[in-house]
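Given the structure is predicted, the values throughout are model-derived calculations rather than measurements. Any value given below was found using the heavy atoms of this structure, including those in side chains, with hydrogens, waters and symmetry copies removed. First the proteins, then the strands, lettered A, B, ... as listed; each starts at 1.
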Amino acid sequence: MDIQRPRGTRDFLFEEMKERREIENTLRRVFETYGYGEIKTPLFEDLALFTKKSGEEITGQIYHFQDKSGRELALRPELTAPVSRLYINELQKSPKPLKMYYFGSCFRYERPQKGRYRQFWQMGCELIGGKSPESEAEIIAMAAHSLEELGVKDFEIHIGNLGIIRGILHQANAPKIVYDTIMAVIDKGEVEELLKTLNEVEIDPKASEILIKLVGMVGQREIIKETSEIIKDNPKSVEALNELDELLDILEAFGFTNYKVNLGIARGLDYYSGIVFEIYAQGLGAQKQISGGGTYNLIEIFGGEKVESTGFAFGFDRLVECVRLCGEEKTHHKTVDVYVAPVSKDVKLKAIEIAQKFRKDGIKTEVDLVGRKLKKILNQANNLQVDYVILVGERDLKEGKVTVKNMESGEQELVEIESVTQMMIDLLK
RNA sequence: GCCGGGGUGGGGUAGUUGGUUAUCCUACGGGACUGUGGAUCCCGCGACUCGGGUUCGAAUCUCGGCCCCGGCCCCA
């Protein structure tokens, strides 16, 4: 029998886990310096939580099942819906703005490819209530700050505001179906296709012309001015653009200037109510988006009081890829500092006692468990890149001593058992 | 769901116009070596992704499944 790992899943070994853990800790540290607190939600939820948010169609891409009493459940495909649910269940009347972050795995039934797995991890933040350009800027700043802390260099933050395009479509009296179609096409970023679609649907040619111009608006801050010319006859769009402009001022105060304004970012779903942003990294193939976020009104959809929230999430696995690409040669980390080597079987108990003393003082210690010969133990210690080996042998023990061997220099020294722990603590400082 | 490229010991590979016992490196276990590591030598362990077909004979040809890689669709 040969049991395989399910498709699209991965096993992580020691070095990789260490790497992932370090990235996780870095993000945690950054999020906490901005005052965000960690939450955790269940791995599975009521299926309806996700269909309500994204439509019935997503069941095709979700792992869902019935439990033994017939409840329709689903492995979570993302975390913003569960976080909104948690807010409604536990935190509705808490003081705003409420800041939280999360880290956990999600599941999607999709074709695996580079940077896309069936079990993947997301780590992100949510700021609920108190919607303001300041809040939105803080969220974007945190995302950028995180990448800086991780040493990721080649990334682009694209920021847009859905209100601008919405204003145009609203003024043109586009019916819902047309609206949805157009937003979906814009989201794809295919100008050709947008042209085609705009010709097919009945829409004011003037609005159509403006839309074409808008989706091509990607660049430095100057394009705000250009855009304001294009949309000057549409108060709602102007308002959204001004909001964006203000947000950029604030973002610069947060110390981040390397963003791009991108008015072509769209989201098909209509609970998005303001800014949207995406972060792209180099070298990840087709899955170059490592983070996305925005301001939305999800909580109302789930039956809570109307509160807007702003959030973002990193595709953690893609982030790990990125850090690996940007990072310098990873050094092979040793797992322990000291190896306690019994010279013969008669002293193995003594060796264990000494190892335990070390461990109680926080020294990472390995002790021979399989009765190997001294030669093999030294070999093993060498492979593990251990700094010191403690040779425990009868000859030394008679004098109440052990031999401390420095594995790099090869030098060794006889040391009183009583003082060896302190000596190791000092040596390893 | 679609297109293309793949799958040989734990890892990396040779072999693929069908033909004995499937190559080499590395890792691992043991030994040469009874209180001293990285070297050397010896021994051992261990593989043709799975199933059907063609054939006297299949790792090799063929069909299908599974899985991996890249891309499309999708991306909450």
Side-chain angles (χ1 to χ4, degrees), chain A residues 1-11 13 45 47 49-62 74-84 106-118 120 122 124 184 187-190 193 266-272 276 278 284-294 296 298 301 311 313 315 318 339 341-347 351 370-398 401-414:
Chain A
M1 188 171 61
D2 175 27
I3 298 176
Q4 303 224 341
R5 186 167 15 93
R7 180 163 197 196
T9 63
R10 294 155 294 163
D11 293 317
L13 303 186
E45 295 269 2
L47 175 65
L49 178 65
F50 304 111
T51 53
K52 239 183 191 165
K53 179 182 178 217
S54 315
E56 290 296 329
E57 317 83 64
I58 48 138
T59 50
Q61 281 125 233
I62 280 183
L75 297 185
R76 60 189 186 197
E78 45 101 17
L79 279 161
T80 52
V83 167
S84 303
C106 301
F107 304 82
R108 292 184 190 178
Y109 192 87
E110 292 184 298
R111 178 80 171 76
Q113 52 181 288
K114 190 180 176 71
R116 176 183 282 186
Y117 305 96
R118 288 185 171 180
F120 58 98
Q122 284 193 341
D187 193 19
K188 277 193 193 173
E190 303 253 339
E193 211 176 324
R267 289 286 154 83
L269 300 157
D270 33 72
Y271 48 76
Y272 280 91
V276 279
E278 293 179 350
L284 298 184
Q287 315 297 328
K288 63 174 184 170
Q289 191 187 328
I290 54 170
S291 177
Y296 32 79
L298 250 188
I301 294 186
R318 293 179 191 174
Y339 206 119
V343 164
S344 64
K345 284 205 174 86
D346 326 320
V347 294
V370 289
R372 275 198 247 255
K373 290 180 186 170
L374 182 59
K375 200 171 254 268
K376 291 285 175 189
I377 294 174
L378 285 167
N379 197 351
Q380 172 97 359
N382 188 50
N383 285 339
L384 293 172
Q385 301 186 352
V386 168
D387 297 322
Y388 297 95
V389 169
I390 310 298
L391 292 146
V392 181
E394 259 171 313
R395 212 156 65 202
D396 304 344
L397 284 176
K398 274 183 192 151
K401 291 178 177 173
V402 290
T403 301
V404 173
K405 183 182 178 78
N406 178 323
M407 288 298 279
E408 206 181 329
S409 64
E411 287 165 14
Q412 43 190 65
E413 190 183 338
L414 265 175

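Separating the CD atom of E56(A) from the P atom of A76(B) is a distance of 18 Å, rounded to the nearest angstrom. Computed from coordinates, the Q61(A) CD to C74(B) P distance equals 10 Å when rounded to whole Å. Rounded to an integer number of Å, the gap from CG of L391(A) to P of G37(B) is 10 Å. Protein atom CZ of R7(A) is 11 Å distant from nucleotide atom C1' of C69(B), rounded to whole Å. In this structure, Q380(A) atom CD and G37(B) atom P are separated by 15 Å, rounded to whole Å. Spacing between atom CD of E278(A) and atom P of A76(B) amounts to 8 Å, rounded to whole angstrom units. Summarising the geometry, the separation between CD on E110(A) and P on G71(B) is reported as 14 Å, rounded to the nearest angstrom. The NZ atom of K345(A) sits 15 Å away from the C1' atom of G35(B) (whole-angstrom rounding).
Side chains of K53(A) and T80(A): a donor on one and an acceptor on the other come within 3.5 Å. Checking Q287(A) against Q113(A) by side-chain atom types alone, a donor-acceptor pair falls below 3.5 Å.
Donor-acceptor pairing under 3.5 Å, judged by distance alone, is absent between the side chain of Q4(A) and the base of U49(B). In this model, a side-chain donor or acceptor of D396(A) finds a partner on the base of G35(B) within 3.5 Å. For R111(A) and G70(B), a side-chain-to-base donor-acceptor distance below 3.5 Å is present, hydrogens and geometry of angles not being considered. You won't find any donor-acceptor pair under 3.5 Å spanning the side chain of N379(A) and the base of G37(B), going by distance alone. Judged by atom type and distance alone, R108(A) reaches the base of A76(B) through a side-chain donor-acceptor pair under 3.5 Å. The base of C68(B) is not paired with the side chain of R10(A) by any donor and acceptor separated by under 3.5 Å.
Within 4.0 Å of G55(A), counting heavy atoms only, lies no atom of the nucleic acid at all. Residue contacts for K188(A): at a heavy-atom cut-off of 4.0 Å it reaches the sugar-phosphate backbone alone, with no base atom in range. Looking at heavy-atom distances under 4.0 Å, Y296(A) makes no contact with the nucleic acid at all. Using a 4.0 Å heavy-atom criterion, one finds that A381(A) contacts no nucleic acid atom at all. Residue contacts for Q289(A): at a heavy-atom cut-off of 4.0 Å it reaches no nucleic acid atom on any strand shown. G292(A) comes within 4.0 angstrom of nothing in the nucleic acid, heavy atoms only.
If you take atom P in C63(B) and the same atom in G6(B), they sit 13 Å apart, rounded to whole Å. Nucleotides C69(B) and G9(B) place their C1' atoms 22 Å apart, quoted to the nearest Å. Distance check on atom P: U20(B) versus A59(B) gives 10 Å, rounded to whole Å. The gap from the P atom of A32(B) to that of C50(B) amounts to 39 Å, rounded to the nearest Å. Rounded to whole Å, the separation between the C1' atoms of U62(B) and C43(B) comes to 43 Å. Using P as the reference atom, G35(B) and A22(B) are 41 Å apart when rounded to the nearest Å. On the P atoms, G29(B) is 42 Å away from G65(B), given to the nearest whole Å. G57(B) and C68(B) are spaced 35 Å apart, taking the P atom of each and rounding to whole Å.
For K373(A), the side-chain atoms get nearest to A32(B) when compared with the rest of G71(B), A32(B), G37(B). Between G29(B), G38(B), C28(B), one nucleotide has an atom nearer to the side chain of R372(A) than all others, and that is G29(B). Relative to the side chain of N382(A), the nucleotides G37(B), G35(B), A76(B) differ in distance, and G37(B) lies closest. Nearest nucleotide to the side chain of N383(A), out of G37(B), U36(B), C28(B): C28(B). With G71(B), A76(B), G37(B) as the candidates, the nucleotide lying closest to the side chain of K375(A) is G37(B). Set against C67(B), U36(B), G29(B), the side chain of T403(A) has U36(B) as its closest nucleotide.
Judged by distance alone, with hydrogens and angles left aside, the side-chain atoms of R118(A) form no donor-acceptor pair with the main-chain N or O of P112(A) at under 3.5 Å. Within the 3.5 Å criterion, the main-chain N or O of E413(A) finds no donor-acceptor partner in the side chain of T403(A).
Sequence order on RNA chain B of the closest nucleotides to P112(A) and L284(A) puts P112(A) first from the 5' end.
Contact check, R395(A) against G35(B): no side-chain N or O comes under 4.0 Å of OP1 or OP2. For K405(A), no side-chain nitrogen or oxygen approaches OP1 or OP2 of U36(B) to under 4.0 Å. The phosphate of A76(B) (OP1 or OP2) has no side-chain N or O of R76(A) nearer than 4.0 angstrom. Between K376(A) and the phosphate of G29(B), there is no side-chain N or O to OP1/OP2 separation shorter than 4.0 Å.
As the counterpart of U21(B), no nucleotide is assigned, since no Watson-Crick or G-U wobble pattern has both distances under 3.5 Å. Base pairing of A27(B): no nucleotide in any strand meets the Watson-Crick or G-U wobble criterion (both distances under 3.5 Å). Pairing of C48(B), defined by two Watson-Crick or G-U wobble distances under 3.5 Å, is not identified with any nucleotide. Pair assignment for C67(B) gives G6(B), based on Watson-Crick or G-U wobble hydrogen-bonding distances that are each under 3.5 Å. As the counterpart of C61(B), G53(B) is assigned, both hydrogen-bonding distances of the Watson-Crick or G-U wobble pattern falling under 3.5 Å. When Watson-Crick and G-U wobble pairs are counted only if both distances are under 3.5 Å, U36(B) pairs with no nucleotide at all.
E78(A) contributes atom CD, which lies 8.0 Å from atom CD1 of I62(A) (distance to the nearest 0.5 angstrom). The distance from atom CG of D346(A) to atom CD of E394(A), rounded to the nearest 0.5 Å, is 4.5 Å. For the atom pair NZ of K373(A) and CG of N379(A), the computed distance is 13.0 Å after rounding to the nearest 0.5 Å. Separating the CD atom in E408(A) from the CG atom in N382(A) is a distance of 11.0 Å, to the nearest 0.5 Å.
A heavy-atom distance below 4.5 Å is not found between the side chains of K288(A) and K114(A).
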